[in-house]
Protein chains: 2
Amino acid sequence: MQNISLEELAGKAKVSKTTASLVLNGKGDRYKINKDTQQRILRVAAEYNYRPNFSARSLTKGRTMTIGLVVPNIADSFYSNIAFQLEQQLANTEYQLLMGSTRENSEREEALINTFLNRQVDALIVATTQKKQAYIERIYNSGIPVVLFDRHYPNSLLPHVIVDNYRGINKLIYHLQSKSRTNIGYIGLELQLDAIKERQLAYNDWMKATSSPDFFRTVHYENYQAECEGVVSQLLQNGVDALLFETHYLALEGIKCMTSKGFHCPDDVNVVSFGDHQAFSVFTPGITVVHQPVARIAENCLKLVFEQLKEGGLQSSGEIILEPKLVIRNT
Amino acid sequence: MQNISLEELAGKAKVSKTTASLVLNGKGDRYKINKDTQQRILRVAAEYNYRPNFSARSLTKGRTMTIGLVVPNIADSFYSNIAFQLEQQLANTEYQLLMGSTRENSEREEALINTFLNRQVDALIVATTQKKQAYIERIYNSGIPVVLFDRHYPNSLLPHVIVDNYRGINKLIYHLQSKSRTNIGYIGLELQLDAIKERQLAYNDWMKATSSPDFFRTVHYENYQAECEGVVSQLLQNGVDALLFETHYLALEGIKCMTSKGFHCPDDVNVVSFGDHQAFSVFTPGITVVHQPVARIAENCLKLVFEQLKEGGLQSSGEIILEPKLVIRNT
DNA sequence: CTGAAAGCGCTTACAG
DNA sequence: CTGAAAGCGCTTACAG
């Protein structure tokens with residue numbers, strides 16, 4: 001378990017550092033090092049449990065084999081699932097993930113990215129607060145691979161993989177309509193994010209097109225639990241027959257409020273959510289949702305990262321838009 | 001955003017690398033470097049956005065300011081919350097977290113730890129599969145700080161922070177008894193973990209002490225969803241009036257099964273869970289649980305890590321047992 | 001087939 | 001007050 005250095009190892013195997021390094025890196029055959037010599041080096045390495053010093057290697061190679069992941073909140077099931085997927089898909093590579101949560105705070109986002117950059121991460125995957133466009137673009141333009149996911153900057157060439165938010169909400173609305181619901185309440189977030197705006201736009205477009213009553217409401221991210229309760233109660237009084245939640249955690253909060261007030265789902269008020277959650281299939285009734293393809297989001301983020309890491313740079317347009325899937329349960 | 005080196009920076013500021021390094025590391029005053037000179041260096045650093053190369057610094061200092069976190073599954077809400085807490089508590093330090101999921105596979109655990117060690121992490125925080133005692137002890141004994149949490153090795157000096165699992169289950173049982181339930185079904189995991197054994201022991205001790213019917217059942221981790229369904233149905237047929245789930249995800253699965261069979265909670269069958277979940281307060285009725293103090297677990301893990309990192313080494317016994325809290329809701 | 005040497009970008013005794 | 005130099009542990013042209 002002790003750290004023996006390449007130099008010591010070479011000494012014990014009676015070869016130079018060069019030879020030892022070559023063999024240890026699997027270049028023994030290419031450099032036609034004697035089989036015996038190779039064996040000897042490998043044996044000594046095993047015997048002393050040789051661990052090449054990663055910092056030294058990173059320093060010489062100029063790569064850290066590390067990717068920085070920046071999300072709003074790693075405790076949020078969507079992001080922790082993304083992290084899990086990234087990690088699993090990276091498991092058979094040399095790459096590791098460094099991660100941090102911004103808590104939707106842009107200062108913290110910049111500090112986090114800065115920290116990762118100081119550590120010379122080879123690439124950045126970020127679900128941005130969308131308040132750091134110039135900063136992130138500067139990084140990207142300086143040659144550091146960047147992939148945005150979940151949130152992106154619409155007027156920017158920054159590579160990103162997102163979901164078609166507008167269509168996602170549409171699917172939910174159509175579904176509700178197929179259940180003959182017309183007074184659909186919408187509970188969203190007061191956040192300057194395009195992902196959010198798109199969702200809200202879809203609802204508002206539908207509202208206008210159908211001259212439906214305006215049951216569009218938003219709450220603040222920092223205080224969503226309390227505000228959600230207020231907004232939901234009010235909507236219920238207004239006589240909505242369906243509630244569409246913009247995110248899974250809003251839905252969770254809203255359902256809590258609804259049932260505490262004695263409203264029954266789906267009879268009184270039907271409930272659907274943008275974004276799935278482990279519990280939604282457990283509820284009675286099971287909550288119908290639009291599901292974000294977590295594995296494919298992760299997969300495509302890595303695809304864009306590796307494209308940028310390669311010689312030629314990005315081959316594709318850098319924009320990947322995935323289709324959110326309607327998962328019909330009981331609501 | 002370009003990487004300018006210390007040498008270049010020194011050149012532009014017309015000082016030696018030594019002086020520049022000293023000033024940049026806040027040792028300017030200690031070494032009585034001219035105020036003017038200091039200003040000049042700082043100005044140049046800011047102007048060229050100087051980022052000291054982390055690999056180089058790690059190499060010279062022999063520390064990477066990185067802690068490796070190993071958990072069974074980062075997508076599990078318990079572990080992602082731990083990760084979030086660790087990260088937040090580490091936010092005002094220089095430390096960063098590298099993390100990986102073992103998926104309860106001990107080979108993967110060893111590979112993961114090995115990878116982290118290759119990267120010279122300064123410490124390891126691990127929720128072990130509990131099948132790698134010798135390996136982890138060897139690491140610990142070689143001087144690398146290690147803290148186990150959630151799961152530990154009972155006959156080992158490895159520092160750990162755990163929860164009193166036996167008492168946790170007891171609290172749940174007492175609660176159920178206070179609700180006049182006597183036919184309590186137990187759904188647990190077929191895993192060789194002491195945390196699990198303790199929970200199961202608590203139930204079995206109670207069962208024997210009270211001569212209660214044997215409603216103790218276990219399922220395999222890899223296939224818990226399907227098996228849980230079978231076990232729960234059977235228990236329901238056996239006429240249990242309460243179901244005690246060993247983990248939050250078992251509870252989630254069990255509730256799904258129960259309600260699909262038309263059983264009503266808490267009237268027909270009361271349900272409680274070891275381990276909380278975001279949805280448990282949303283369910284109707286709210287699920288009573290024993291809550292694991294996530295923030296305090298994280299806090300104590302870091303306490304033990306930093307103790308080991310300090311000169312004198314571990315000051316305390318290295319064993320921290322936290323009290324799980326009964327959170328009474330509607331069940 | 002193998003080795004001596006330079007270089008990656010820092011930090012830190014050691015001098016003066 | 002400041003600098004020259006060694007050293008951290010690797011990799012990789014360059015020689016022979």
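So that the names make sense, note that chain A is the first sequence line, chain B the second, and so on, each numbered from 1.
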Worksheet item: A/E8 has an atom CD; how far is it from atom C1' of D/dG9, in whole Å?
Response: 10 Å
Worksheet item: Closer than 4.0 Å, any side-chain N/O of B/T19 to the OP1 or OP2 of D/dT2?
Response: no
Worksheet item: Rounded to the Å, how far apart are B/K17 NZ and C/dG7 P?
Response: 12 Å
Item to complete: Return no unless some side-chain N or O of A/S21 is found under 4.0 Å from OP1 or OP2 of D/dT11.
Response: yes
Discussion item. Quick check on C/dT2: is either OP1 or OP2 less than 4.0 Å from any side-chain nitrogen or oxygen of A/N34?
Written reply: yes
Practice prompt. Check whether more than 12 heavy atoms from other residues, nucleotides or ligands sit under 6.0 Å from atom CG of B/L314, and answer yes or no.
Written response: yes
Practice prompt. Return no unless some side-chain N or O of A/Y31 is found under 4.0 Å from OP1 or OP2 of C/dG3.
Written response: no
Worksheet item: Checking ring-ring contact (aromatic ring centres under 6.0 Å, His included) for the pair B/Y140/B/Y135: CA distance, chi angles, key distance, verdict?
Response: CA-CA 9 Å; B/Y140 178 63; B/Y135 177 67; over 10 Å; no
Worksheet item: In the structure shown, which nucleotide is the Watson-Crick or G-U wobble counterpart of D/dC1, with both distances under 3.5 Å?
Response: C/dG16
Worksheet item: What's the CZ-P distance between B/F54 and D/dC10, to the nearest Å?
Response: 18 Å
Discussion item. Between P on C/dG9 and CD on A/Q120, what's the gap in Å once rounded to a whole number?
Written reply: 10 Å
Worksheet item: Out of C/dC10, C/dT2, D/dG3, which nucleotide sits closest to the side chain of B/V15?
Response: D/dG3
Worksheet item: For DNA chain C, whose closest nucleotide is more 5', that of A/K14 or that of A/L59?
Response: A/K14
Worksheet item: Under 4.0 Å between a side-chain N/O of A/N53 and OP1 or OP2 of D/dC8, yes or no?
Response: no
Fill in: Sidechain-backbone polar pair: A/N114 side chain, A/E110 backbone, donor-acceptor under 3.5 Å
no
Practice prompt. Write down the atom of A/T64, the atom of A/S58, and the distance for their closest heavy-atom approach.
Written response: CA-OG, 3.8 Å
Item to complete: Please tell me which of the listed nucleotides, C/dG9, D/dT11, D/dT12, lies nearest to the side chain of A/L6?
Response: D/dT11
Worksheet entry | Of the listed nucleotides C/dA13, D/dT12, C/dC1, the one nearest the side chain of A/K27 | D/dT12
Discussion item. How many whole angstroms separate atom CG of A/D36 from atom C1' of C/dT2?
Written reply: 14 Å
Discussion item. Tell me if the centroids of the rings in A/Y79 and A/F84 come within less than 6.0 Å of each other.
Written reply: no
Worksheet item: Are any of A/R57's side-chain N or O atoms less than 4.0 Å away from OP1 or OP2 of D/dG9?
Response: no
Discussion item. Just N and O in the side chain of A/S58: are any of them under 4.0 Å from OP1 or OP2 of D/dC10?
Written reply: no
Worksheet item: How many Å lie between CD on A/E7 and P on C/dA5, as a whole number?
Response: 13 Å
Discussion item. Could you tell me how far apart A/K61 (NZ) and D/dT11 (P) are, to the nearest whole angstrom?
Written reply: 7 Å
Item to complete: Pick base, sugar-phosphate or nothing for A/S55, based on heavy-atom distances below 4.0 Å to the nucleic acid.
Response: nothing
Item to complete: Output the single nucleotide from D/dA5, D/dA13, D/dT2 whose closest atom is nearest the side chain of B/T18.
Response: D/dA5
Item to complete: Using a cut-off of 6.0 Å, state whether more than 12 heavy atoms not belonging to A/E7 lie near its atom CD.
Response: no
Worksheet item: Rounded to the Å, how far apart are B/R40 CZ and D/dT2 C1'?
Response: 11 Å
